Number of protein chains: 2
Amino acid sequence: MTEEKKPHHHGALREALIAAGIRLLEQGGPDALTLRRCAALAGVSHAAPAHHFDGLAGLKLAIADEGFRRFRDCMLTAEAQGDPSPRGRLKGICRGYLAFARANRAMFHLLFGYEMSAPHHGGVPDAARVGYDVLSRCCAPFVSPGSDPRAIEIQVWSLIHGYASLSLAGRIGPDDPALFEQVLALLDRVGNAS
Amino acid sequence: MTEEKKPHHHGALREALIAAGIRLLEQGGPDALTLRRCAALAGVSHAAPAHHFDGLAGLKLAIADEGFRRFRDCMLTAEAQGDPSPRGRLKGICRGYLAFARANRAMFHLLFGYEMSAPHHGGVPDAARVGYDVLSRCCAPFVSPGSDPRAIEIQVWSLIHGYASLSLAGRIGPDDPALFEQVLALLDRVGNAS
DNA sequence: CAAGGAAACTTGACAGCGTCAAGATGGCAT
DNA sequence: ATGCCATCTTGACGCTGTCAAGTTTCCTTG
């Protein structure tokens, strides 16, 4: 739609392909994400993407990179919206976590699915880190001095990631905010046992 | 290898295709699970599976059915191995949960991945229920009378499913049993707050 | 300013995939 | 014995990712 008249040299083909991929992901699920379809959506030939990504896996990696950034933004927004206490901020990012998963099913599956987990390119894209940093910061107030922060971080992450995954997989039934808050109540008992 | 000389009529083609699918899953990951490869492994033509399953999705459903049964067995075994107290049994099935996920990466992804989550065939195979029943039974001692058991069940399920998923996705780093036990320690604070 | 080379993109081909249509074959009930 | 039906085969179609080779454009270098 906003197509320049560059006869050759698309100019911003890489970004256009990523945007096309995200659109396909949103509209048709993971199976709709196809190199050829991305190319068609960007108005180039089917083999053009090969010059910008290392095959389909490379495109998915680039899309995941953008996805992780949006994911982090979603958590930051939710953190800022709720109770500013440490406990409130922790629950806030969890609500943002779930909200992102619900609003971006296919992207969430891409970010945490088999593609990214494979011993593939040596690991997870760097952007995955920025999400963990948010989590880590919100967990910090509950880490007793001198102890390993990872224990609490993984507790919180496991709980929210498990809930989000199971919810998306249809294992928890219809959306039930009350139930989610009950699960989140377990976070009241995280950290220094008072 | 144990191929009968049935000239026609394989006889147990359905089971053979499921077994072939599981083998492909174990050896080559989700992408290796292919109708044509299953057929070849079972010694039949590429279109034979169509008479036993509703396409690839149907075969995956049948494989998941078997997978869920093995999954439950793995949890039951782990439950019987540890401390027989209610808390010990609860942690036992969680250890079985993680053990299954680690030993059957691709199958685990099939059981909880996008395939099964789609609004697809109307939902999850019935066999998924048998796993939840184990969880539900182990959670029962911690449900205060008159309250909804789902709250605790989903707390526990989310925690262990999240840990297993993140572990498989390579987000928790190398296998660290001590860390896992620290996460499982959160289960000590589940249920009636003492 | 001109030449050359690198980068971007196209075209064409290949094997593998899921799926459908039609034909062949064997077992089973009538 | 006959006829039917489920089972399986063969062949084809369109789609996929990927590679090879050719074409076009831009930029650098002399």
Side-chain angles (χ1 to χ4, degrees), chain A residues 3-21 23-25 27-64 106 109-110 113-116 118 120-121, chain B residues 2-21 23-25 27-64 106 110 113-116 118 120-121:
Chain A
E3 297 170 7
E4 311 292 332
K5 286 300 173 28
K6 310 283 179 69
H8 208 217
H9 256 49
H10 186 287
L13 181 53
R14 196 187 138 91
E15 287 70 21
L17 288 169
I18 292 175
R23 218 167 80 184
L24 288 170
L25 222 42
Q27 295 182 354
D31 293 343
L33 177 53
T34 284
L35 270 181
R36 290 172 112 102
R37 272 207 268 260
C38 286
L41 243 135
V44 295
S45 76
H46 66 266
H51 295 268
H52 295 274
F53 306 101
D54 183 18
L56 179 61
L59 173 61
K60 285 182 176 174
L61 218 65
I63 291 176
H109 271 103
L110 177 63
Y114 196 87
E115 321 275 348
M116 296 300 139
H120 194 212
H121 331 69
Chain B
T2 67
E3 299 171 6
E4 310 293 333
K5 288 298 173 29
K6 308 285 179 67
H8 206 218
H9 257 50
H10 186 287
L13 181 54
R14 195 188 141 90
E15 287 71 21
L17 289 169
I18 293 174
R23 217 167 80 186
L24 288 169
L25 222 42
Q27 295 181 353
D31 293 344
L33 176 53
T34 282
L35 269 180
R36 290 172 113 103
R37 273 207 267 259
C38 285
L41 245 137
V44 294
S45 76
H46 66 265
H51 295 269
H52 295 274
F53 306 100
D54 184 17
L56 179 60
L59 174 60
K60 286 182 176 173
L61 218 64
I63 291 177
L110 176 63
Y114 197 87
E115 322 275 347
M116 296 299 139
H120 194 209
H121 328 69

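Chain naming here is simple, since letters A, B, ... match the order of the sequence lines and numbering starts at 1 in each. Computed from a prediction, not measured in an experiment: that's the story for all the values here.
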For B:His46, enumerate each residue passing the ring-ring contact (aromatic ring centres under 6.0 Å, His included) test, keeping only those at least two apart in sequence or located in another chain.
-> none
Please name the pair of heavy atoms, one in [X] and one in [Y], separated by the smallest distance, quoted to 0.1 Å.
| X | Y | value |
| --- | --- | --- |
| A:Ser45 | A:Ala39 | O-CB, 3.3 Å |
| A:Leu17 | A:Ala42 | CD2-CB, 3.9 Å |
| B:Ala48 | B:Leu13 | CB-CD2, 4.1 Å |

Sub-3.5 Å pairs of nitrogen or oxygen atoms, protein against nucleotides 13-18 of chain C:
unit_1 : atom_1 : unit_2  : atom_2 : d
C:dC17 : OP1    : B:Arg37 : NH1    : 3.4
C:dG18 : OP1    : B:Leu35 : N      : 2.9
C:dG18 : OP2    : B:Leu35 : N      : 3.3
C:dG18 : OP2    : B:Arg36 : N      : 3.2
C:dG18 : N7     : B:Arg36 : NH1    : 2.4
C:dG18 : O6     : B:Arg36 : NH1    : 3.0

Over how many whole Å does the gap from [X] atom [atom1] to [N] atom [atom2] extend?
| X | N | atom1 | atom2 | result |
| --- | --- | --- | --- | --- |
| A:Lys60 | D:dG17 | NZ | C1' | 11 Å |
| B:Leu13 | D:dA6 | CG | P | 16 Å |
| B:His51 | C:dG23 | NE2 | P | 15 Å |

Go through the structure and list residues passing side-chain contact (heavy atoms from CB on, under 4.5 Å) with [X], not counting sequence neighbours.
| X | value |
| --- | --- |
| B:Ile63 | B:Ile18, B:Ile22, B:Leu25, B:Leu33, B:Leu59, B:Met107, B:Leu110 |
| B:Ala47 | none |
| B:Leu24 | B:Arg37, B:Cys38, B:Leu41 |

Axis-to-axis angle for the helix from C:dC1-D:dG30 to C:dT30-D:dA1, ends of five pairs each, to 10°, equals 10°
Does a nitrogen or oxygen in the side chain of B:His52 sit under 4.0 Å from OP1 or OP2 of D:dC8?
-> yes
Could you go through the side chain to side chain contact (heavy atoms under 4.5 Å, CB included) check for A:Phe53 and A:Lys60 one step at a time?
-> CA-CA 9 Å; A:Phe53 306 101; A:Lys60 285 182 176 174; over 6 Å; no
